[in-house]
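A quick write-up on the structure given underneath.
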Amino acid sequence: MEVADHIGVDKSAYSKIEKGTRSLTVDELQKMAQLFNLTTDQIINYDGKMPKEVIIEDKTAVEQMRLIQQLEEEDRQTIFRLIDKMLTNKKFKDFFAKNAATL
């Protein structure tokens, strides 16, 4: 329903598009590409393979940073803020664990 609404077609028309019994107009194709943050070429030349889930923890630090750099700026900043918060929390925990005996 979300895709149908975004490209400006009703549910039955979108169902036909999914089944391959109705083609997309150029305008609908452009709107769909925008919705999925793809180019129209990526949609037209789709090879049928769905992207695999990315699991960052099994990657090297260099690969992790490469993957993070592929994200949009706002998403990258969110990740870096989370990392900053976690590192700050760790410093406080380490400080209090080290100095708890002297309190």
Side-chain angles (χ1 to χ4, degrees):
M1 289 299 297
E2 185 179 332
V3 175
D5 288 341
H6 187 82
I7 67 172
V9 298
D10 61 34
K11 186 173 84 172
S12 70
Y14 185 69
S15 177
K16 290 176 183 175
I17 292 169
E18 285 183 323
K19 292 176 184 173
T21 60
R22 178 190 180 281
S23 297
L24 287 165
T25 66
V26 172
D27 185 54
E28 292 165 349
L29 177 62
Q30 289 172 330
K31 288 177 182 176
M32 187 175 286
Q34 177 190 29
L35 176 66
F36 292 110
N37 197 25
L38 298 169
T39 65
T40 54
D41 185 57
Q42 288 171 312
I43 292 175
I44 292 169
N45 295 311
Y46 176 66
D47 63 5
K49 297 178 185 170
M50 291 299 289
K52 294 180 182 175
E53 178 182 12
V54 175
I55 301 172
I56 199 163
E57 63 193 47
D58 67 352
K59 308 285 190 264
T60 65
V62 171
E63 179 69 4
Q64 290 173 346
M65 287 306 298
R66 189 187 67 73
L67 290 168
I68 290 169
Q69 291 304 321
Q70 292 176 6
L71 298 172
E72 293 181 14
E73 179 63 24
E74 184 178 340
D75 293 336
R76 273 196 313 272
Q77 292 307 315
T78 299
I79 288 172
F80 292 138
R81 282 191 300 273
L82 285 169
I83 291 170
D84 289 346
K85 176 151 180 42
M86 289 175 178
L87 290 170
T88 301
N89 287 348
K90 182 180 180 339
K91 281 189 174 192
F92 276 110
K93 286 178 185 176
D94 292 348
F95 172 81
F96 286 116
K98 180 180 175 185
N99 294 299
T102 61
L103 298 176

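Residues passing the side chain to side chain contact (heavy atoms under 4.5 Å, CB included) test with Leu87, sequence neighbours excluded: Ile83. For Gln30, the side chain to side chain contact (heavy atoms under 4.5 Å, CB included) partners two or more places apart in sequence, or in a different chain, are Val26, Asp27, Thr40.
Side-chain contact, Thr39 with Asp41: no donor N or O sits under 3.5 Å from an acceptor N or O.
Side-chain N or O atoms of Ser15 include none that pairs as donor or acceptor with a backbone N or O of Lys11 at under 3.5 Å. When atom types are taken as modelled, the side chain of Arg22 and the backbone of Ile17 share no donor-acceptor pair closer than 3.5 angstrom.
By the neighbour-count criterion of 12 heavy atoms within 6.0 Å, atom NZ of Lys59 is densely surrounded, having more than that number from other residues, nucleotides or ligands. The number of heavy atoms from other shown groups lying within 6.0 Å of CD (Gln69) is above 12. Within a 6.0 Å radius of CD in Glu73, other residues, nucleotides and ligands contribute more than 12 heavy atoms. Summarising the local packing, CD of Glu74 is surrounded by 12 or fewer heavy atoms from other residues, nucleotides or ligands at distances under 6.0 Å.
A side chain to side chain contact (heavy atoms under 4.5 Å, CB included) with Lys85 is found for one member of Leu82, Asn89, Thr88 and no other, namely Asn89.
If you chain together hydrophobic residues whose side chains sit under 4.5 Å apart, Ile55 and Leu67 never meet in one group. No chain of hydrophobic side-chain contacts below 4.5 Å, direct or via other Ile, Leu, Val, Met, Phe, Trp or Tyr residues, connects Met32 to Met1. No continuous path of ILVMFWY side-chain contacts below 4.5 Å connects Leu71 to Leu38, so the two sit in separate hydrophobic clusters.
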Could you walk me through whether Ile44 and Leu29 pass the side chain to side chain contact (heavy atoms under 4.5 Å, CB included) test, one step at a time? CA-CA 9 Å; Ile44 292 169; Leu29 177 62; 3.6 Å; yes

Just do the side chain to side chain contact (heavy atoms under 4.5 Å, CB included) check on Glu72 and Asn37 with the steps written out, would you? CA-CA 11 Å; Glu72 293 181 14; Asn37 197 25; 3.3 Å; yes

Salt bridge (Lys or Arg N to Asp or Glu O under 4.0 Å), that's the test. Do Lys31 and Glu28 meet it? Break it down for me. CA-CA 5 Å; Lys31 288 177 182 176; Glu28 292 165 349; over 6 Å; no

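Ile56 CD1 to Met65 CE: the interatomic distance, rounded to the nearest 0.5 Å, is 9.0 Å. Atoms OH and NE2, from Tyr14 and His6 in turn, are 11.0 Å apart once rounded to the nearest 0.5 Å.
When all heavy atoms of Ala4 and Asp10 are compared, the closest pair comes out as CB-O, 4.2 Å.
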